[in-house]
Amino acid sequence: MTGLSEVMLDIRKKQRVKERSPREAAAFWTSDDLLEGVPVKCYTIIFQTRGCYWGQKGGCTMCGYIYDSASIPPSTEDLIAQFDSVADRIGEGVVKIFTSGSFFDVREIPESVREHILTRLNEITDKVIIETRPEFVTDKTMVSSKALVDNMEVAIGLETSNDDIRINSINKNFLFKDFVRASETAKAHGVTTKAYLMMKPPFISEKDALDDMVKSVMDAAPYAPTISINLCNVQRGTLVDELFYRKAYRPPWLWSIVEVIKRVHGKTGSVIMSDPLAAGASRGPHNCGKCDSDFANAIRKYSMTQDISAFDDLDCECRSLWEKVLELEDWTFGAPLIY
Ligand code: SF4
Ligand SMILES: [Zn+2]
C-alpha cells in the first residue's frame, strides 16, 4: 500500500457516514447536456452501493464520494428499489448513472440489477452514460450491456494524462495506457468514451495545473469524443480538505479554466465541457469574488454551445493577480500565494 493510501485511510476513519434508507438513491437531479450537438435534458442518478473498492482502500486524494455509499451493503432488491424510485421522472435525453464508484463492478451492482436498469433506461431515454473505472471496461461487460442499450457511453475519471500526477498527486492507481485500453475496448463494441479530467489536484502549482489540463485534453481527445474538465473543489473528509484547512491548497482560478479552453478550442475533434461546481465559494474554483458568477456562466455557456465567443466579454481587475500567481507560485513549491 502506498503512503498516500495510508494517509487517506486515516482520514476516512475519522468521518461519520450518514445513515440513509438503502432503498433511496443517493441523489437524483435534472440538468442540461449536449446530444449530437443539440441541447437536451440530462438526468443524473447516483446509486447508494457498497462503494468504490479503491475508495475503501484509501482511494483518491480529492474524492469524498465514498461518503455517499451505503453503511450496510444494499441488497439486489434495495438497488432495484433505488432505481424504481426515480425511473418515473426520467424521459427523453441523456441519463448519467453514477455509483460513486464503478457501475460495472459487480461487487457494487450485480449483473441482474445492471440488466434491469439498462433495459428500462433503453426504453425511456436516448443515451445512457455509465461511470466506471477503466478496469471494468472489458469485452464481457461491453457485450452484455451493449446488447441492452442502443446508445451507450462509458465515463472514465482519467483525471490527467500524466501518470506521475495521477499516481502521486491523486492516488488513482491506474495508468494512461489503462484508459486507452478501456476506450479502445469500448469502441470495438460501438460504445463511446467520455473522459473526466481533474484540474488542479493537490501538490501542484496553478501554472502546472493549467499546462497539465491543456496537455491532458490533447492526449485524451483521440480516445474520448467528449471531455469534461472538473475543477477540483474541496470535499469533506479528503486529503485536499486537510490541506485546505492548513492553507496549503487553493482550488483553481476560473481564469485558468478559461485559458485552458481557449488554448485547446478548435484543436481537437472532441466536445469540451466543464461544469464549475461550487464556483465562487472558497472551497470551489474562484477568482476575486466580484467576477466569479460571470465566469461560471460563461464556462457553462461555452459547454452548451462550444462557441468560444462566450468568453469575449470576460474581464476583471483580478486578472493581473492571477497572472502573478502563475508566474510566482512555482517558487513556493505549490503552496498557494493567494486564497
Ligand atoms: S475518484 Fe473514483 S476511483 Fe477514486 S476513490 Fe473516488 S470513486 Fe473511487
Ligand atoms: Zn475578478
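Atom set for the values below is all heavy atoms of this structure, side chains included, hydrogens, waters and symmetry mates excluded. Order of listing sets the numbers, starting from 1, for every ligand and every atom in it. Each residue takes its place number in the sequence, starting with 1.
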Quick note, side chain to side chain donor-acceptor pair (under 3.5 Å) partners involving residues 264-283, not counting sequence neighbours, are D241-R283, H265-Y302, D275-R300
Under 4.0 Å from one or more heavy atoms of S100, ligand 1 contributes atoms 7 (S)
Please tell me whether S216 and T160 have a donor and an acceptor in their side chains that are separated by less than 3.5 angstrom. yes
Determine, for Y53 and R107, whether the Lys NZ or Arg CZ falls below 6.0 Å from the six-membered ring centre while staying within 45 degrees of the axis.
yes
Protein-side N, O or S atoms sitting under 2.8 Å from atom 4 (Fe) of ligand 1 are C60 SG
By salt bridge (charged side-chain N to carboxylate O under 4.0 Å, His left out), E323 pairs with (sequence neighbours left out) R319
Could you check if a side-chain atom of E108 sits within less than 4.5 angstrom of a side-chain atom of F103, using non-hydrogen atoms only?
-> no
Residues 22-44 vs side chain to side chain donor-acceptor pair (under 3.5 Å), sequence neighbours excluded, gives R23-D78
